[in-house]
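Here is how names work: the chains are called A, B, and so on, in the same order as the sequence lines, proteins then strands, and each is numbered from 1.
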Amino acid sequence: MIDLRLLRDNPDAVRASQQARGDDPALVDAVLDADARRRSSLTDFESLRAEQKALGKKVAKAAGEEKAELLAHTKQLAERVKARQADANDAEREVDELLYRLPNVVEGAPPGGEDDYLVLRHEGRIRDFAAEGFTPRDHLDLGEGLGAIDTARGAKVSGSRFYFLTGVGARLELALLNAAMDQAVAEGFTPMITPTLVKPETMRGTGFLGAHADEIYRLEKDDLYLVGTSEVALAGYHADEILDLADGPRRYAGWSACYRREAGSHGKDVRGIIRVHQFHKVEMFSYCAVEDAAAEHERLLAWEEAMLRKVELPYRVIDTAAGDLGTSAARKFDCEAWLPTQDRYLELTSTSNCTTYQARRLGVRERTETGTRPVATLNGTLGTTRWIVAILENHQQPDGSVRVPEGLRPYLGGLEVLEPVA
RNA sequence: GGAGACGUCGCAUAGUCUGGUCUAGUGCGCCACCCUGCUAAGGUGGUAACGGGGCAACCCGUUCGCGGGUUCAAAUCCCGCCGUCUCCGCCA
């Protein structure tokens, strides 16, 4: 949720943001209208209520005829108070409803839709398989050859877009995620293993129940949601708390399973484990002062890139366009690894600066000299199951074996090459 | 799943039976000042969040786990829910 005061003081900035996202700027005026109604009905209610309280005190002290008279008056006042209170509550609900539909104000992202991203830079060397004299196999071929990935049985047990990681595949994922956790801990993050089922208010607070609600699994019987990332639980971790950020950002590294319905992506990335309903992820999450947020965003990006270097993948960094930002994000950088068998880049990391959007909804504040104010929240990927796709494809050798990047070897007992099983 | 106890301002607690004087008291912690030639101790004052109004000092409202209800009036009475603890049952 954005700052109502910003909306009042500078509605044009919010309208411009809506435009950049390709959303309706008229929503801004709807909120402003509702807010004006809310404030006037609130004033009505509060002055009546003050009157009622003052009379109540007189009633307490009065006796006999005087008391009877006061009671008669105060009785009908109570009716009016109740009515005005209902009006004020309705008006408040209306503002909330509209305000919740308003996405975060864009900060520096290029305008436009999904394809209007800006490529910031390319890193790493893309292999020339033609020059090496062989055609690269895709990750599923390789994974099956290594006895690492079993999608057929995944589908048998759970349906399409499910899989088993087997043998060296399971070890590879653990290695990757442990490497990510270790890096985070070395940088001062608090490691966390988080709940993957959360209450509606937590899910709503992180901004995932808006336009992209279809992506989320819901357990109707228990009124709980399965998270698509540990960001949700980590954002909720400090909900309704007042933090002391005087010593700098609070950084958490969340390890969790992630669940996504992948509604509306039928026929897209159906082969292998690129787009799946369940995977694991290590996620960085940071609570920091608003002034630090942009710099913290750069730091999260740098840590993501450090991990990509560790697994020796060629990638590019993109500045996501406004229309492709999540509801909560003001700006987002993705790192996309090169996928040799598809001649395209595949998103491996994503880091968002949500400024105060989530914190405002969740009630995460910090104490300052003048009072309290919402903090900024940021998140970024340090490793996911999907990374295995890029690792297998980019480090494959002509015989179907896969070279283990040096950064992962300590986590695989020194293993240097994954060999095909007979 | 069953029974009971509890949920109050950062922490601890009073207040709930018997509704109004609760503008929620007290202790600890914290902040400021004072006193004490150091230390320890002592004194005085201040110390929740959120919203509305105002240039401001300040004023008003909301919040005693959450949501309803009764009442002129609810921390206090009633109902539902959530959470914590204890015991019992069941089960990895």
- Query: Residues two or more places apart in sequence or in another chain: which of them pass side chain to side chain donor-acceptor pair (under 3.5 Å) with A:Glu366?
  - Reply: A:Arg373
- Task: Mark up nucleotides 66-73 of chain B, 5' to 3', with B wherever a protein heavy atom is under 4.0 angstrom from a base atom, S wherever such an atom reaches only the sugar-phosphate, and - elsewhere.
- Result: ----S-BS
- When you measure from the centre of the six-membered ring of A:Tyr100, is the NZ or CZ of A:Arg361 under 6.0 Å away and within 45° of the axis? yes
- Note on the structure: Atom CG of A:Leu48 and atom C1' of B:C60 are separated, to the nearest Å, by 13 Å
- Item | Atom-pair distance (CD on A:Gln85; C1' on B:A74), nearest Å | 13 Å
Pairs of donor and acceptor atoms involving the side chains of residues 186-193 of chain A, under 3.5 Å and at least two apart or interchain, shall be tabulated with distances.
from	atom 1	to	atom 2	distance (Å)
A:Glu187	OE1	A:Trp303	NE1	3.4
A:Glu187	OE2	A:Trp303	NE1	3.4

Considering only nitrogen or oxygen atoms on both sides, find all protein atoms under 3.5 Å from nucleotides 52-54 of chain B and state each distance.
from	atom 1	to	atom 2	distance (Å)
B:G52	OP1	A:Arg8	NH2	2.9
B:G52	OP1	A:Arg38	NH2	3.2
B:G52	OP2	A:Arg5	NH2	3.0
B:G53	OP1	A:Arg39	NH1	3.0

Would you tabulate the nitrogen or oxygen pairs shorter than 3.5 Å linking the protein to nucleotides 47-49 of chain B?
from	atom 1	to	atom 2	distance (Å)
B:A49	OP1	A:Arg367	NH1	3.4
B:A49	O3'	A:Arg365	NH1	2.8
B:A49	O2'	A:Arg365	NH1	3.1

- Query: Quick one: is A:Lys199 getting a side-chain N or O under 4.0 Å of the B:G83 phosphate, OP1 or OP2?
  - Reply: no
- Message: Among residues at least two apart in sequence or on other chains, which ones pass side chain to side chain donor-acceptor pair (under 3.5 Å) with A:Glu94?
- Response: A:Arg37
- Item | For atom CG of A:Asp240 and atom C1' of B:U63, their distance in whole Å | 13 Å
- Message: Using whole Å, what does the distance between atom C1' of nucleotide B:C82 and atom CG of A:Leu224 come to?
- Response: 13 Å
